[in-house]
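Predicted, not measured: the structure shown is a model, and the values here were computed from it. Letters A, B, ... mirror the listed sequences (proteins, then strands); counts begin at 1. Computed over heavy atoms, backbone and side chain alike; hydrogens, waters and symmetry mates excluded.
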Amino acid sequence: MPAAGSIVTRFAPSPSGHLHVGGARTALFCWAYAKGRGGTFLLRIEDTDQKRSSDAASLGFLKDLKWLGIDWNEGPEFDGCGGGDRGPYFQSERLEIYNAHLQRLLESGSAYYAFETTEDLDTKRSAAKAKGVAYRYDRTESVNRTKQEVAELLASGRSAVIRFRTPEGPITIQDAILGQATLPAGEVDDFVLRKADGFPTYHFAVVVDDELMGVTHVLRAQEHFNNTAKHMVLQDSLGFRRPTYGHLPLIFNPDGSKMSKRDKDKMLRKAVTERKISQPPTNTVSQEEFSAWLAGKNVQLEHAQADRLAAALQVVLPEINVDDFRRSGYLPEVMCNFLALNGWSPGENREKFDNAFLAQAFDLSRVVKTPAKFDRVKLLSFNCDAITGMPRDEFVNRVRNHGHAYHSDFMRKLSAEQFDTLAAASHERSKTLDDLFRLNRFLVTDDQAVCFDSKAAEKNLQGAEPNGLSHLRALRGVLSEVKAWDAPSLEGAIKAFAEAHTAGQLGKVAQPLRVAVSGTTVSPPIFDTLVILGRGSTLARVDRALQMFGTH
RNA sequence: GGCCCCAUCGUCUAGCCCGGUCUAGGACACCACCUUUUCAUGGUGGGGACAGGGGUUCGAAUCCCCUUGGGGUCACCA
């Protein structure tokens, strides 16, 4: 239990889907605020929506937070984090607590049972909309029922919710970031506290838990701003303290649209439509699923399906969730740094910092009020800087771990020595931990299966004599004679060859060789590439290229 | 549509609260040139913003008002 008067912040995700960047940023700020002030950062899982919540999603959130380096002092126990005596930290396990407080409201007349069905309410809502009037819940019928009548209805098994009897009058919200705002009287209607399934709504659970868990500062996304009014009137009715609120600006896509998992479907649909594909590529999704997905814009593919389809179509899906970025090879410390820069800045032209700095420098007064567009290009640049700036050993280790996690096939095909050579050679040209695997497939394909890019071959192997092919033919002899198959020896031999045959222009020799062994014009430095391939593969590939492009 | 909030380069932002030091700073992106065995990196230089209109003031990016624009919210989702 933290000392009295100390700061308690919390991150309270609802466990559906994956942790996305906006949520991660909220968690990071909550963490930093508490951390920098010797307070407590608490994690609570808001799983009151039985339909959407899942244990798998909860676990995913914990893992993602852990990966980002965001540790929680209290909350679900996981990998050294969590615990605490103000639990349980899953709202689904706190129903008795909510019911006890609900009882108080019911008895004082601040809450009441309501029996309208969802359909009833929908009808009223659309009627209001048709008239161009704002819909407000009408409490008259519910409130006029006697206790007796309510009891009878309940006894008869009628489905019921409990609503809050919102007091009259305007409500002024005090916000540490946005200042204050006053909602006119009547803006907040009688919202639901307990759903028909017996679970509390977000509004009720959040107010009860923040009080019971001693939360002093609520930092959350701006979409919750208006909800704060509801929470405040509830706190008053329950006799609760009022935490300090700070509403963080939202994070959007570069085009201003909301960042959502649907962006992946959108991109895939576009690719499918453009290429006029009517049948799913093999081993991706079933024909029925594919057709349904294509037909309905709101139909979403499962993660795994989307990944398979993207792979088959060679489309790179946009990263939305934290684990997408992880898979794409972004570093957790860079994610945190960049996320923090969306909506906050330390000033003094400082942009690069770690979480320790963030914790000591973060302050609500420097949080920006305007929504941010998430710029993946800048993130990539930050990632590149961090990767090229780290020690060689560290890069090799981290890229190896990434490989084991996401590219086990690739890792299996290279020896430890080969991999380390490749990693070292790839360090300075890697923008992500994934680049190495994406760009060097040719190293793990069979010598006879190397796929040649026709433009690359045309430009570097064919053409008027003396062309690349003729150099390659002559170079083949040199390569087979090189005594030690290591980078210095190869460099010596090939440079000597270039001196003799291309007036020292290494490119004239290196490029044909590169195309011959990789199929394209891009690879790690040519000498390293040859070392990784070994003499056998190199010569086999050169021979194959000579054969394929040499005969007419 | 009602209500609430916001408004600086293409993007993230510094400056704004406490008007002059702002011919508005940084970063990413962009353009040009240079370096380079490919790719990438790196180096040098360049273009690029105070949404518009009214006030207040000797003086406004900074304070006030209006307009416009953007966002949020109006669920038995959180």
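Distance noted for atom C1' between B/A78 and B/G19: 44 Å (whole Å). Here the separation of B/U44 from B/A49, taken at their C1' atoms, is 24 Å to the nearest Å. Comparing the P positions of B/G2 and B/U41 gives an interatomic distance of 50 Å, to the nearest angstrom.
One interatomic measurement links the two molecules: CD of A/Glu428 to P of B/U36, which rounds to 15 Å at whole-angstrom precision. Taking atom CD1 of residue A/Ile494 and atom C1' of nucleotide B/U37, one finds them 10 Å apart after rounding to whole Å. Rounded to a whole Å, the CG atom of A/Asn227 is 13 Å from the C1' atom of B/C3. Rounded to whole angstrom, the span from the NE2 atom of A/His224 across to the P atom of B/G72 amounts to 13 Å. In this structure, CG of A/Leu250 is placed 14 Å from C1' of B/A78, rounded to the nearest angstrom. Rounded to a whole Å, the CD atom of A/Gln222 is 10 Å from the P atom of B/U73. Separating the CZ atom of A/Arg350 from the P atom of B/A27 is a distance of 15 Å, rounded to the nearest angstrom. Rounded to whole Å, atom P of B/C12 lies 18 Å from atom CG of A/Leu380.
Residue pairs meeting the salt bridge (Lys or Arg N to Asp or Glu O under 4.0 Å) criterion with at least one partner in residues 372-385 of chain A, sequence neighbours excluded, are A/Glu319-A/Arg376, A/Glu351-A/Lys378, A/Lys352-A/Asp385. Every pair passing ring pair (Phe, Tyr, Trp, His ring centres under 6.0 Å) that includes a residue from residues 500-521 of chain A is listed here, sequence neighbours excluded: A/Phe497-A/His501. Residue pairs meeting the salt bridge (Lys or Arg N to Asp or Glu O under 4.0 Å) criterion with at least one member in residues 167-178 of chain A, sequence neighbours excluded: A/Arg139-A/Glu168.
Judged as a side-chain hydrogen bond (donor to acceptor under 3.5 Å, both in side chains), and not counting sequence neighbours, the contacts of A/Lys495 are A/Glu491. A/Glu93 pairs by the side-chain hydrogen bond (donor to acceptor under 3.5 Å, both in side chains) definition with nothing, not counting sequence neighbours.
For A/Asn226, taking side-chain heavy atoms from C-beta onward, the closest of the listed nucleotides B/A14, B/C6, B/C3 is B/C3. In this structure, the nucleotide among B/U37, B/C39, B/U13 sitting nearest to the side chain of A/Gln511 is B/U37.
Across the strands present, B/U11 finds its partner in B/A27; the criterion is a Watson-Crick or G-U wobble pair with both atom distances under 3.5 angstrom. With a 3.5 Å ceiling on both atom-pair distances, the Watson-Crick or G-U wobble partner of B/G69 is B/C6.
Ring planes of A/Phe191 and A/Phe164: tilted class, angle from 30 to 60°. The aromatic rings of A/His402 and A/Phe437 sit tilted relative to each other, their planes meeting at an angle between 30° and 60°.
If you check every strand for non-hydrogen atoms under 4.0 Å, A/Glu46 touches sugar and phosphate atoms only. If you check every strand for non-hydrogen atoms under 4.0 Å, A/Gly343 touches sugar and phosphate atoms only. Counting any heavy atom pair closer than 4.0 Å across all strands shown, A/Arg125 reaches sugar-phosphate atoms only and no base atom.
Of the residues in residues 198-208 of chain A, those lying under 4.0 Å from RNA chain B by heavy-atom distance are A/Tyr202, A/His203.
Scanning atom types as modelled, one donor and one acceptor separated by under 3.5 angstrom connect the side chain of A/Glu351 and the base of B/G26. Side-chain atoms of A/Lys378 and base atoms of B/A27 include a donor and an acceptor less than 3.5 Å apart.
The shortest side-chain heavy-atom distance between A/Ile494 and A/Leu513 falls under the 4.5 Å cut-off.
Here A/Lys369 reaches the OP1 or OP2 of B/C6: one of its side-chain N or O atoms lies under 4.0 Å away.
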